[in-house]
Amino acid sequence: MNCCDHDCCGPVQTDNRYRRILWAALAVNLTMFGVELVASIIAGSVSLRADALDFLADAANYAVALAVVGLALQWRARAALLKGGVMGLFGLWVAAGTIHHALTGTVPHAEVMGGIGLLALAANLAVAGLLYRYRTADSQAMSVWLCTRNDCIANLGVMAAGAGVWMSGTPWPDILVAAVIACLGLSSAAQVVRRARHELRDAPVLFGVPAE
């Protein structure tokens, strides 16, 4: 059985370097949320708006991770279970917004989409590189890693959508990428919830209270 199936990954979770990485990731995501939200309004892009909200969700993700880092595995798994639910709700919200935009949307500004997508990709690649070594520690660390990985994929999608809008002169590439972002969020939410439930089920219990 893998050591990380139980609480022997605790030293990783109390690593001061991991805390500093989480603080840096939190700052990056809050900044990029503001940048992309403004850009999505200027560009009229639903995929940029979805990516901006993804940054906001990730900022909350990092804040929760900071709150539970160093706690027992059961508490980290509960936090991951909660975040998995929030990730799923986010995916459903983006899906609903995408359908609405498909019915009412106009052609977005491709140049703004491409430029902001490139900036966001650079920010997320930097964060992903810092988080990479912690990605398999437990469900909590995995949820943090998956959110960052999803952001990188979404940024590439926004850039591709910008190119598609520029070439086609239609909003459909933008709408398609927003739909993919929604599906990616739902898939990752399911993965995080499964891992967290597994950890909660297999965690040692002493006299009805989770062992620390």
Side-chain angles (χ1 to χ4, degrees), residues 18 20-41 43 45-66 69 79-80 82-95 97-98 108 112-137 139-164 173-193 195:
Y18 185 61
R20 291 193 296 270
I21 289 171
L22 289 176
W23 278 112
L26 176 60
V28 168
N29 276 265
L30 284 175
T31 300
M32 288 308 303
F33 163 68
V35 170
E36 283 204 325
L37 184 62
V38 173
S40 71
I41 295 172
S45 168
V46 68
S47 63
L48 268 181
R49 188 177 308 125
D51 201 36
L53 291 170
D54 194 25
F55 271 118
L56 180 61
D58 287 351
N61 184 18
Y62 296 126
V64 171
L66 280 164
V69 67
L82 174 63
K83 288 191 296 182
V86 172
M87 289 167 66
L89 290 174
F90 164 78
L92 292 173
W93 189 90
V94 171
T98 302
V112 176
M113 293 174 61
I116 297 299
L118 180 60
L119 175 63
L121 177 63
N124 278 314
L125 284 175
V127 173
L130 293 173
L131 289 169
Y132 184 78
R133 65 171 291 194
Y134 299 99
R135 71 194 186 282
T136 59
S139 59
Q140 168 66 27
M142 184 180 73
S143 70
V144 170
W145 161 253
L146 283 174
C147 284
T148 306
R149 183 209 65 179
N150 288 355
D151 280 348
C152 293
I153 297 172
N155 299 150
L156 290 171
V158 170
M159 294 168 63
D174 184 46
I175 293 168
L176 176 62
V177 168
V180 170
I181 293 174
C183 291
L184 191 61
L186 291 171
S187 173
S188 295
Q191 188 175 351
V192 170
V193 168
R195 174 73 181 266

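Along the sequence shown, residues are numbered consecutively beginning with 1.
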Practice prompt. Give the C-alpha distance, both sets of side-chain angles, the deciding distance and a yes or no for side chain to side chain contact (heavy atoms under 4.5 Å, CB included) between Val127 and Tyr62.
Written response: CA-CA 11 Å; Val127 173; Tyr62 296 126; 3.9 Å; yes
Ignoring hydrogens, what is the shortest heavy-atom contact between [X] and [Y]? Give both atom names and the distance.
X: Gly164; Y: Pro173; value: C-CG, 3.5 Å
X: Met159; Y: Gly114; value: CG-O, 3.9 Å
X: Val158; Y: Gly117; value: CG1-CA, 4.3 Å
X: Ala161; Y: Ser47; value: CB-OG, 4.3 Å
X: Ala43; Y: Leu48; value: CB-CD1, 4.2 Å

Discussion item. Tell me whether the rings of Tyr132 and Trp145 are parallel (<30°), tilted (30 to 60°) or perpendicular (>60°).
Written reply: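 It falls in the perpendicular class, over 60°.
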For the atom pair [atom1] ([X]) and [atom2] ([Y]), what is the distance rounded to the nearest 0.5 Å?
X: Ser45; Y: Ile175; atom1: OG; atom2: CD1; answer: 10.0 Å
X: Leu131; Y: Leu22; atom1: CG; atom2: CG; answer: 6.5 Å
X: Leu26; Y: Leu66; atom1: CG; atom2: CG; answer: 6.5 Å

Item to complete: Mind checking side-chain hydrogen bond (donor to acceptor under 3.5 Å, both in side chains) for Thr98 and listing every partner two or more places apart, or none if nothing turns up?
Response: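 Thr98 satisfies side-chain hydrogen bond (donor to acceptor under 3.5 Å, both in side chains) with no other residue.
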Worksheet item: Got a sec, which residues hit side-chain hydrogen bond (donor to acceptor under 3.5 Å, both in side chains) with Asn124, two or more places apart in sequence or on another chain?
Response: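 Partners of Asn124 under the side-chain hydrogen bond (donor to acceptor under 3.5 Å, both in side chains) test: Asn155.
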Discussion item. Asp51 vs Phe55, test: side chain to side chain contact (heavy atoms under 4.5 Å, CB included). Steps then yes/no.
Written reply: CA-CA 6 Å; Asp51 201 36; Phe55 271 118; 3.9 Å; yes
Contacts table for residues 29-37: side-chain donor-acceptor under 3.5 angstrom, sequence neighbours left out:
residue: Asn29; atom: ND2; partner: Ala25; partner atom: O; Å: 2.8
residue: Thr31; atom: OG1; partner: Ala27; partner atom: O; Å: 2.9
residue: Glu36; atom: OE1; partner: Ala52; partner atom: N; Å: 3.1

Worksheet entry | Beyond-backbone contact of Leu92 with Leu186, side-chain heavy atoms, under 4.5 angstrom |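 Touching, per the 4.5 Å side-chain cut-off.
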Worksheet entry | Test log, rule side chain to side chain contact (heavy atoms under 4.5 Å, CB included), inputs Leu121 and Cys152 | CA-CA 6 Å; Leu121 177 63; Cys152 293; 4.2 Å; yes
Worksheet item: What's the verdict on side chain to side chain contact (heavy atoms under 4.5 Å, CB included) for Tyr18 and Leu130, showing C-alpha distance, side-chain angles and the deciding distance?
Response: CA-CA 9 Å; Tyr18 185 61; Leu130 293 173; over 6 Å; no
